[in-house]
Amino acid sequence: MSRPTFSIVVPVYNERESLPELYRRVRAVMESLGEPWELVLVDDGSTDGSTDLIRELHRQDPEHVRPVIFARNFGHQIAVTAGMDYARGCAVIIMDADLQDPPEVIPDLIARWREGYDVVYAVRVQREGESWFKKATAALFYRLIYRITDVPIPLDTGDFRLIDRKVLAVLRRMRERHRFIRGMAAWVGFRQIGVPYRRAPRYAGETKYPLRKMLKFALDAITSFSYFPLQLATYLGFVSAGLSILAIPLVAVARLTGSQAFYGQATTLIAVLFLGGVQLISLGILGEYVGRIYDEVKGRPLYVVAEAANSPSPESDSYAMIEEHDVCHRRRSGASKSHGKTPEEVSHATE
Ligand code: UDP
Ligand code: MG
């Protein structure tokens with residue numbers, strides 16, 4: 001089988017009502033582009049019959065619809081990960097099943113990819129049909145993440161994005177368990193750009209992200225990309241111990257001058273504050289080590305090479321993933337649209 005130019009990866013969890021419409025609209029958009037494509041539908045343990053519907057879509061259109069069916073519900077980010085593992089395209093587009101991410105935006109993402117951008121993320125300039133609570137918590141969440149993490153994760157951006165194959169190769173090597181894919185895609189680097197779009201309301205059904213899952217997701221995001229919570233103890237410890245030390249001369253002077261102001265518990269309080277501060281600082285130090293262990297365990301690549309004149313020596317752990325003359329390179333530069341079609345593409349056109 002030849003490689004499709006585009007893979008659309010969609011995580012599906014109980015989206016029976018949206019699926020036929022999703023397939024119809026994706027198909028319409030992709031056919032208008034006139035290049036080989038595939039739709040990777042990852043069924044994340046649906047219980048509403050979506051699984052059979054996916055099988056049926058595959059039966060009707062085996063050339064384009066590729067099912068990946070989970071044995072149980074593993075969660076949105078894991079489903080997207082599986083989709084990225086199974087996708088074979090030169091560029092992979094991740095989108096939701098509920099049509100909040102309109103397939104009609106895909107050509108805009110692809111246009112940027114052809115200009116040379118390796119990650120094209122869709123930025124929500126407007127969200128329709130969502131509660132003020134969802135919008136407010138989301139706005140707060142993205143701003144908090146932006147402030148306390150070390151990676152510049154673009155604001156108001158979900159997983160709706162196009163990812164080039166070479167970025168995908170790096171993401172596939174990042175096997176951390178608590179996954180915040182939009183952060184991971186930012187971490188990788190390469191040329192990235194945003195494309196504005198209007199986030200539509202859900203086509204059917206209701207959100208699969210209740211508050212409980214949203215909180216867990218936020219926690220995964222923060223802990224995957226920030227040490228701030230671990231360092232919090234240290235900061236508090238310094239404040240507490242610092243205050244108690246400052247209080248010592250104050251109390252001493254008051255006592256010596258015979259003032260009644262700090263009679264009673266002052267010395268005990270100072271001791272308690274000071275010891276509490278020391279304990280918090282020690283906790284913070286432990287936290288620093290835990291953070292480093294966490295970093296090692298995640299086992300991310302040390303660096304990501306975009307270009308290099310030669311391959312690394314065998315003992316090193318990274319390699320440049322540039323294949324200048326492969327089929328994806330030709331298709332990206334739009335060569336397949338010209339008359340000089342390659343044999344492989346001609347054969348595809350006649351399929
Ligand atoms: N989803 C999934 N597994 C889950 C929860 C959600 O695969 O455990 C999928 C869901 O089917 C949808 C996408 O993830 O395609 C986003 O979910 P949803 O639209 O409910 O989130 P919201 O847009 O409300 O944040
Ligand atoms: Mg949604």
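First listed ligand is number 1; within each ligand, the first listed atom is number 1.
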Identify all side-chain donor-acceptor contacts of residues 7-14 below 3.5 Å with residues at least two apart in sequence or on another chain.
residue: Ser7; atom: OG; partner: Glu38; partner atom: OE2; Å: 2.6
residue: Ser7; atom: OG; partner: Arg88; partner atom: N; Å: 3.4
residue: Ser7; atom: OG; partner: Gly89; partner atom: N; Å: 2.8
residue: Asn14; atom: OD1; partner: Thr47; partner atom: N; Å: 2.6
residue: Asn14; atom: OD1; partner: Asp48; partner atom: N; Å: 3.4

For [atom], what's the nearest protein heavy-atom neighbour? Residue, atom name and distance, please.
atom	answer
atom 18 (P) of ligand 1	Arg202 NH2, 3.5 Å
atom 4 (C) of ligand 1	Asp44 OD2, 3.4 Å
atom 1 (N) of ligand 1	Tyr13 CB, 3.7 Å
atom 19 (O) of ligand 1	Asp98 OD2, 2.6 Å
atom 20 (O) of ligand 1	Lys208 N, 2.5 Å
atom 25 (O) of ligand 1	Lys134 NZ, 2.9 Å
atom 9 (C) of ligand 1	Pro11 O, 3.8 Å

- Steps toward salt bridge (Lys or Arg N to Asp or Glu O under 4.0 Å) verdict (Asp108, Arg112): CA-CA 7 Å; Asp108 299 347; Arg112 292 302 214 170; over 6 Å; no
- Task: Please state which part of Asn14 comes within less than 4.0 Å of ligand 1, counting heavy atoms only: side chain, backbone, both or neither.
- Result: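 For Asn14, there is no contact with ligand 1 at all, from either part.
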- ligand 1 versus Thr207: contacting region, heavy-atom distance under 4.0 Å: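 Both backbone and side chain.
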- With respect to atom 14 (O) of ligand 1, which of Gln100, Gln77, His76 exhibits the smallest heavy-atom separation?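 Heavy atom nearest to atom 14 (O) of ligand 1 belongs to His76.
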- Query: With respect to atom 17 (O) of ligand 1, which of Tyr203, Phe70, Phe160, Tyr209 exhibits the smallest heavy-atom separation?
  - Reply: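 Checking each option, the heavy atom nearest atom 17 (O) of ligand 1 is found in Tyr209.
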Lys/Arg N to Asp/Glu carboxylate O, [X] vs [Y], below 4.0 Å:
X	Y	answer
Asp96	Lys208	no
Arg202	Glu15	yes
Asp295	Arg292	no

Atoms of ligand 1 less than 4.0 Å from [X] heavy atoms?
X	value
Glu15	10 (C), 11 (O), 12 (C), 15 (O)
Gly75	3 (N), 8 (O)
Lys213	4 (C), 5 (C), 8 (O)
Arg199	23 (O)

- Message: Under a 3.5 Å distance rule, please check whether Arg179 uses its side chain to pair with a backbone N or O of Met174 as donor and acceptor.
- Response: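 Yes, Arg179 side chain to Met174 backbone: donor-acceptor pair under 3.5 Å.
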- Task: Assign the ring pair Phe141 / Phe217 to parallel, tilted or perpendicular, where the plane angle (0 to 90°) is split at 30° and 60°.
- Result: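 Aromatic pair Phe141/Phe217 classed tilted.
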Rounded distance [0.5 Å steps], [atom1] in [X] versus [atom2] in [Y]:
X	Y	atom1	atom2	value
Leu283	Leu230	CG	CG	10.5 Å
Phe160	Ile106	CZ	CD1	5.5 Å
Thr234	Leu286	OG1	CG	9.5 Å

- Query: Does the ring of Phe225 carry Arg300 above it, NZ/CZ under 6.0 angstrom from centre and within 45° of its axis?
  - Reply: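 Judged by the rule (NZ or CZ under 6.0 Å from the ring centre, within 45° of its axis), Arg300 counts as positioned above Phe225.
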- Message: Please identify which of these residues, Lys166, Gln192, Arg191, meets the side chain to side chain donor-acceptor pair (under 3.5 Å) condition with Asp118.
- Response: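 Of Lys166, Gln192, Arg191, side chain to side chain donor-acceptor pair (under 3.5 Å) with Asp118 is met by Lys166 alone.
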- Met95 near ligand 1 by a heavy-atom separation under 4.0 Å: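 Contact check Met95 vs ligand 1: negative.
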- Message: In this structure, would Leu155 and Ile153 fall into the same cluster of hydrophobic residues linked by side-chain contacts under 4.5 Å?
- Response: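 In one cluster with Leu155: Ile153, yes.
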- Task: Could you point out which residue of Tyr121, Phe6, Phe190 forms a ring-ring contact (aromatic ring centres under 6.0 Å, His included) with Trp113?
- Result: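 Only one of Tyr121, Phe6, Phe190 forms a ring-ring contact (aromatic ring centres under 6.0 Å, His included) with Trp113, namely Phe6.
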- Is any protein N, O or S atom closer than 2.8 Å to the Mg ion (ligand 2), and if so, which?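 Asp98 OD2, Gln100 OE1, with waters left out.
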- Taking N or O atoms only and a 3.5 Å limit, does Ala79 qualify as a polar contact for ligand 1?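 For ligand 1, there is no N or O atom that lies under 3.5 Å from one belonging to Ala79.
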